[in-house]
Amino acid sequence: MIKKFLVVLSISLLAGCTHNQVKALSLNTSSVNTYPQNMTDLQLCDTLYFGRPSNQTLAAIGSEFNRRKLSKSWCLHVTNRWYLTRTYDWLVQPYHEHEKEHHS
């Protein structure tokens, strides 16, 4: 019973955190060891602007960052959103895309 409560409490606390707050707790700070073409947008931001370690050069990461037309302001916006908000957007996005297809 207590174990379930602690799991739910931990998930709830992390859902109310932003990406930057989680990194401050030393979570999600592992090295990104993949080619920049395979990195997520957030991994590109973390390695290029926020000092997350990677085995790739900053030139290669920056090139992929520019190819995707990302910006530092976008990175700041995304890293300061709550995980709960990001999860909601991720869950609702397919529904909104489906609605757009039927209204076009």
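Side chains are part of it too, since the values below use all heavy atoms of this structure and drop only hydrogens, waters and symmetry mates. Model, not experiment: these values are computed from the prediction. Throughout, numbering of the chain's residues begins at 1 and tracks the sequence.
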How close do Pro36 and Arg68 get, counting heavy atoms only, and between which atoms?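 Looking at all heavy atoms of both residues, the shortest contact is O-NH2, 3.2 Å.
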
Tell me the closest heavy-atom pair linking Lys72 and Phe65, and the distance in Å. N-CZ, 4.1 Å

Should we count OH of Tyr35 as having more than 12 external heavy atoms under 6.0 Å?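 Open.
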
Does any N or O in the side chain of [X] come within less than 3.5 Å of the main-chain N or O of [Y], such that one atom is a donor and the other an acceptor?
| X | Y | result |
| --- | --- | --- |
| Ser63 | Ala59 | no |
| Glu64 | Ile61 | no |
| Ser31 | Asn33 | no |

To the nearest 0.5 Å, how far apart are SG in Cys75 and CG in Leu42?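 Rounded to the nearest 0.5 Å, the SG-CG separation comes out at 8.0 Å.
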
To the nearest 0.5 Å, what is the distance between CZ (Arg52) and SG (Cys45)? 11.5 Å

Taking it one step at a time, do Leu70 and Leu44 satisfy side-chain contact (heavy atoms from CB on, under 4.5 Å)? CA-CA 9 Å; Leu70 301 174; Leu44 289 172; 4.2 Å; yes

Output all residues satisfying side chain to side chain contact (heavy atoms under 4.5 Å, CB included) with Thr34, sequence neighbours left out; order by chain, then residue number. Val32, Asn38, Met39

Single-linkage hydrophobic cluster Phe50~Trp74, side-chain heavy atoms < 4.5 angstrom: yes

